[in-house]
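Okay, structure first, notes after.
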Amino acid sequence: MPLHSIAHGRTGDKGNRLNVSVIAYRPEYYPVICEQVTVERIAALFAHRRISAVRRFELPKLWALNFVIDDVLEGGVNDALNLDGHGKTHSFLVLSLPIRLPEGMRPIINKTEETVK
């Protein structure tokens with residue numbers, strides 16, 4: 001199933017560097033995300049953009065990972081000719097990663113209802 005079944009994302013940018021955060025909807029999803037959303041998988045996902053580096057930071061109290069990806073924005077918002085120089089849609093690419101949930105663990109069906117509780 002896609003990562004977005006158990007997490008949401010946020011992005012930010014500074015020059016040619018992109019931050020993509022993956023935030024679990026529930027604490028029990030965080031270990032699954034840590035295990036399966038690796039630097040190697042993120043680097044492979046963005047390989048077509050000719051990135052130079054990916055770093056991962058774990059934020060367990062927030063149930064989140066933050067990835068810093070260098071040289072992904074074609075020079076940054078002022079230099080890029082693409083339509084998303086800010087990199088805002090790149091979280092959707094990350095959230096499309098396929099993941100496997102352990103037996104018996106179910107994804108959130110109604111995200112709004114579950115995150116409000």
Side-chain angles (χ1 to χ4, degrees):
M1 71 180 49
L3 178 58
H4 68 76
S5 299
I6 64 167
H8 63 100
R10 299 280 301 183
T11 60
D13 59 272
K14 197 60 143 176
N16 203 19
R17 178 174 287 159
L18 176 68
N19 287 290
V20 178
S21 294
V22 176
I23 306 133
Y25 287 123
R26 293 178 160 173
E28 60 266 26
Y29 297 147
Y30 181 67
V32 174
I33 293 169
C34 285
E35 177 185 329
Q36 297 183 40
V37 185
T38 63
V39 167
E40 293 78 17
R41 288 190 77 193
I42 297 298
L45 195 61
F46 286 96
H48 68 285
R49 301 297 299 251
R50 298 188 197 114
I51 62 170
S52 63
V54 177
R55 289 178 305 285
R56 182 176 104 161
F57 300 91
E58 297 180 7
L59 304 157
K61 291 184 180 182
L62 299 176
W63 318 329
L65 299 177
N66 186 57
F67 292 91
V68 178
I69 308 166
D70 290 335
D71 301 316
V72 68
L73 299 176
E74 297 178 359
V77 69
N78 292 329
D79 294 335
L81 297 176
N82 65 28
L83 295 176
D84 189 24
H86 290 287
K88 301 301 181 204
T89 61
H90 291 308
S91 65
F92 294 109
L93 180 59
V94 172
L95 293 173
S96 72
L97 275 173
I99 56 145
R100 290 186 176 185
L101 286 181
E103 190 74 30
M105 189 177 285
R106 301 177 69 168
I108 291 176
I109 304 301
N110 183 341
K111 295 177 178 96
T112 304
E113 188 176 299
E114 288 293 330
T115 55
V116 170
K117 286 183 180 177

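The first residue of the sequence shown is numbered 1, and numbering continues consecutively from there.
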What distance do Leu95 atom CG and Phe92 atom CZ have between them, rounded to the nearest 0.5 Å?
7.5 Å
Do Val54 and Ile23 belong to the same hydrophobic cluster, where Ile, Leu, Val, Met, Phe, Trp and Tyr are linked whenever their side-chain heavy atoms lie under 4.5 Å apart, directly or via other members?
no
Arg10, CZ atom: more than 12 neighbouring heavy atoms under 6.0 Å:
no
Give a yes or no on whether Val39 and Val22 share a hydrophobic cluster (residues Ile, Leu, Val, Met, Phe, Trp, Tyr; joining criterion: side-chain heavy atoms under 4.5 Å apart).
yes
To the nearest 0.5 Å, tell me how far Tyr25 OH sits from His8 NE2.
6.0 Å
Are Leu93 and Leu3 connected in the hydrophobic side-chain network, where two residues link if heavy atoms are under 4.5 Å apart?
yes
Verify the cluster assignment for Leu45 and Met1: are they in a single hydrophobic cluster under the rule of side-chain heavy atoms below 4.5 Å apart?
yes
When every non-hydrogen atom of Pro31 is compared with those of Pro27, the smallest separation belongs to CD-O, 3.4 Å
Any side-chain to backbone donor/acceptor pair from Glu58 onto Cys34? Under 3.5 Å, distance only.
no
Side-chain (Arg56) to main-chain (Val37) donor-acceptor, under 3.5 angstrom:
yes
d(Arg100 CZ, Gln36 CD) to nearest 0.5 Å is 8.0 Å
Just verifying a value: how many Å separate Leu18 CG and Ile42 CD1, rounded to the nearest 0.5 Å?
10.0 Å
Do the side chains of His4 and Ser91 get nearer than 4.5 Å, heavy atoms only?
no
To the nearest 0.5 Å, what is the distance between CZ on Phe46 and CD1 on Ile51?
7.5 Å
Would you mind reporting whether Arg17 and Ile69 have side-chain heavy atoms less than 4.5 Å apart?
no
Answer yes or no: is there a side-chain heavy-atom contact under 4.5 Å between Val32 and Met105?
yes
To the closest 0.5 Å, what do you measure between CG (Asp71) and CZ (Arg49)?
11.0 Å
Given the options Asn19, Val68, Leu65, Phe57 meets side chain to side chain contact (heavy atoms under 4.5 Å, CB included) only with Val68
